[in-house]
Number of protein chains: 2
Amino acid sequence: MGPGMDDRATQVLRYIVEDYISTAEPVGSRTISKKMGQALSPATIRNIMADLEEMGFLVQPHTSAGRVPTGIGFRYYIDHLLLRRSLARGEVDQLNLAALEEGTPADELVRQASRLLANLACQASVVILSRPDQQKLRSVNLMRAATDKILLVAVMQGGHVQHRLIDGEPDITGDEIEKINAYLNDLAEGLTLPQLRVRILSELRKEKARYDRVMHRALTVGARALADSGLGEVFVEGRANILDQPEFAEDVQRLKRILRAFEEKSVIFRLLDRAMSSQAIQVSIGSENPVEDLGDVSVVASGYLQGPSAVGSIGLIGPVRMDYSRVIPLVEYTANLLTTMFGQR
Amino acid sequence: MGPGMDDRATQVLRYIVEDYISTAEPVGSRTISKKMGQALSPATIRNIMADLEEMGFLVQPHTSAGRVPTGIGFRYYIDHLLLRRSLARGEVDQLNLAALEEGTPADELVRQASRLLANLACQASVVILSRPDQQKLRSVNLMRAATDKILLVAVMQGGHVQHRLIDGEPDITGDEIEKINAYLNDLAEGLTLPQLRVRILSELRKEKARYDRVMHRALTVGARALADSGLGEVFVEGRANILDQPEFAEDVQRLKRILRAFEEKSVIFRLLDRAMSSQAIQVSIGSENPVEDLGDVSVVASGYLQGPSAVGSIGLIGPVRMDYSRVIPLVEYTANLLTTMFGQR
DNA sequence: ATTTAGCACTCCCGGACCAAGAGTGCTAAC
DNA sequence: GTTAGCACTCTTGGTCCGGGAGTGCTAAAT
């Protein structure tokens, strides 16, 4: 809290931010005066505003326009002034993921959550899943997919399922696959796939079973593929919502930058990565976020857990002028919902 | 070919369409005259243009603007006038899906194809996969996913893999799962999942094995889930490319309609469904396509096969003013590529 | 010593108006 | 049948202007 940041000033800042959030227009002294019940005249407000501008909380788009909060202004608002709105009953109802079909795969669950969140918040919503090669395994299985093909199926502790096809193994019998499965599952639990692989490799040196080759092959393909896909899954939902935001609607260049960013896994990943490790909500305002191309959007995100380990992160992307009082509880609730749902799995 | 559609008129139509495709601006008589090597004066061209307009091939945005081809004009161009450009070497190289990691799942393969196609064509690209409950099975397997959970994994003949989680089966042994698998795989091949289910149900009436419940449960969950997810998978890539098209760049309403449509599985499905059943390329121009909201885009799509059966369809979505001579071969090639790649699986 | 009213000033925005340019349709000549 | 010529239409971009919104400053009021 800077010098001269007295109570009245923060009040005014709050009103300005809130008005700006709802109108998307620079806000003038007269408006604020009215909003504060005429307790202070426009002229006084103007003085306060001038102070706030000097401190970096506000800017004027041009002389003789109202003020607009800066990133710093928003930051201060969020850190000190924000009153969270609790969720309305209807909102909670709409987020009812439990209504999903029994047995829905984890990916689909997460994607649905994202979609619902996007609709409720009227923003674009994004989910990332942690890198598959860093997730711990729950179980690994091989199964015959065709005469000369074997499918490697890995179930992660988060409930996510990964699979790869292994070619050209026509001569292995069902029994042998069985044995491999039993063997794998003894070792697999709690390891990552790459870890499992090195573990097996060292074991293999000792005993020389007939199915060495298959298992070796499977693990190599599996581990390499997972390492290769590098980043985890990324889902973006509700892209169209950003077109509803007046700040983006006009400027096609900006839109293009944002949409392009949405198509790059790595960018989205960088954006939400920070939130993944923490369950607390993270808000990056404009240039605070780690992607230069998205210097004019805000990201509100939170990680979610599977048991003790962070498996992903869900959030919203929208204009800096977001309704944080609504959006933050929404994201928080959704992330918690995911955590509890995965807890039951 | 309408009355009075002489050679010269078609020539003029071709030039107009092609010029319009490359410039996105109404084209005037002077331009065409020059393009035809001054063989005809602008005045003559104007007469021909007036004829073409009367026949419905052209329109004027306003008096004293050049002409723009109508949907009918484009249709005629595509059906009778189009000269396909063969693909450049570099283009083929860029579509090199074979370079993908060995064992990449079918979904990922298809998505990559879509992405590459989108980049090459500078349009949005879309893939649909046929409804999972209509695809024939190659094999079905249950596997233990956790102490009280079983994972149902179904490999389709197209190489697509579906999975669902089945809850609360702690008391079944690995051996029993084995038996179920053996039993299932005897029956499964070539059936759809719902078919398999009714088949099993009738069998179950006869013998009462201990693992009835699990199998029944698995099939019910599987079949219902698949029926429920209704449509197949849909992937959209290269959305940002539509912002490069001048006809969409300005009009935000239109953009929003298109982006929203992209988020609705069912819409995309309706759009590409027709193409799925045929290997020949399908071109829907503007209002020809079955989605009202997308009355101002064209769709170029083609189905692809897995062996004898159509499993999906890939295509491009863009402005009516697309470079069909380039885009059609591209889509065709990509679809064929997918067909051959799936052939090897 | 604040607060406020008053006022001059600045800047944006929308509408009116105009000139240039592009393209047409028609007519009359080739 | 083709084309040159010409009058006409319509868009586009630029300029100009007036109104409105909002400010900063100053001087009066509390």
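Lettering of chains follows the sequences in order, A, B, ..., and the numbering in each one begins at 1. Any value given below was found using the heavy atoms of this structure, including those in side chains, with hydrogens, waters and symmetry copies removed.
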*Asks:* Mind checking the CG-CZ spacing from L255(B) to F248(B)? Nearest 0.5 Å is all I need.
*Replies:*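 Going from CG on L255(B) over to CZ on F248(B), the span is 8.0 Å.
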*Asks:* Calculate the interatomic distance between I32(A) atom CD1 and dT4(C) atom P; express it in whole Å.
*Replies:*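 After rounding, the gap between these two atoms is 15 Å.
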*Asks:* Can we say E292(A) and R257(A) salt-bridge, meaning some charged N sits less than 4.0 Å from an Asp/Glu carboxylate O?
*Replies:*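 So E292(A) does not pair with R257(A) through a salt bridge.
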*Asks:* Rounding to a whole Å, what distance do you find between N47(B):CG and dT24(C):P?
*Replies:*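 Between P of dT24(C) and CG of N47(B): 11 Å.
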*Asks:* Can you tell me how far CG of L294(B) sits from CD1 of I268(B), rounded to the nearest 0.5 angstrom?
*Replies:*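 One gets 7.0 Å once the value is rounded to the nearest 0.5 Å.
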*Asks:* So, is S41(B) near the phosphate of dT2(D), with a side-chain N or O under 4.0 Å from OP1 or OP2?
*Replies:*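 So the side chain of S41(B) is outside the cut-off, no N or O lying under 4.0 Å from OP1 or OP2 of dT2(D).
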*Asks:* I'd like to know if K256(B) pairs up with D251(B) as an ion pair, taking the criterion as any Lys NZ or Arg NE/NH1/NH2 lying under 4.0 Å from an Asp or Glu carboxylate oxygen.
*Replies:*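 Not counted as a salt bridge, because no side-chain N and carboxylate O are separated by less than 4.0 Å.
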*Asks:* State the OG-CZ distance between S325(A) and R85(A), to the nearest 0.5 angstrom.
*Replies:*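 Between S325(A) OG and R85(A) CZ, I get 5.5 Å after rounding to 0.5 Å.
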*Asks:* Among dT4(C), dG24(D), dT3(D), find the nucleotide with the atom closest to the side chain of Q60(A).
*Replies:*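 Output: dG24(D).
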*Asks:* How many whole angstroms separate atom CG of D19(A) from atom C1' of dG22(D)?
*Replies:*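 Those two atoms, CG and C1', are 14 Å apart.
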*Asks:* Would V320(A) and E247(A) count as a side-chain contact (heavy atoms from CB on, under 4.5 Å) here? Give the steps.
*Replies:* CA-CA 9 Å; V320(A) 174; E247(A) 40 264 87; over 6 Å; no
*Asks:* State, to 0.1 Å, how close E25(B) and Y20(B) come at their nearest heavy-atom pair, and which atoms those are.
*Replies:*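 Here E25(B) and Y20(B) meet closest at O-CD1, 3.2 Å.
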*Asks:* For M49(B) and dA22(C), give me the distance from atom CE to atom P, rounded to whole Å.
*Replies:*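 About 16 Å, once rounded to whole Å.
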*Asks:* State which of dG24(D), dT3(C), dT24(C) makes the closest approach to the side chain of E53(A).
*Replies:*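 Looking only at heavy atoms from C-beta outward on E53(A), the closest nucleotide is dG24(D).
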*Asks:* Within less than 4.0 Å of OP1 or OP2 of dG22(D), is there a side-chain N or O belonging to S29(A)?
*Replies:*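 Looking at the OP1 and OP2 atoms of dG22(D), neither is under 4.0 Å from any side-chain N or O of S29(A).
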*Asks:* For the pair made of CD1 in I48(A) and C1' in dT3(C), what is the distance, rounded to whole Å?
*Replies:*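 One finds 10 Å between C1' of dT3(C) and CD1 of I48(A), rounded.
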*Asks:* Could you tell me how far apart R67(A) (CZ) and dA21(D) (C1') are, to the nearest whole angstrom?
*Replies:*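 In whole Å, dA21(D) C1' lies 13 Å from R67(A) CZ.
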*Asks:* When the distance from CE of M36(A) to P of dT4(C) is rounded to whole Å, what number comes out?
*Replies:*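 Taking CE of M36(A) and P of dT4(C), I get 11 Å after rounding.
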*Asks:* Roughly, in whole Å, what's the span from CD in E25(B) to C1' in dT24(C)?
*Replies:*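 In whole Å, dT24(C) C1' lies 17 Å from E25(B) CD.
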*Asks:* Any protein N or O atoms within reach of nucleotides 7-11 of chain C? Criterion: under 3.5 Å, listing atom names and distances.
*Replies:*
{"residue": "dT10(C)", "atom": "O2", "partner": "S64(A)", "partner atom": "OG", "Å": "2.7"}

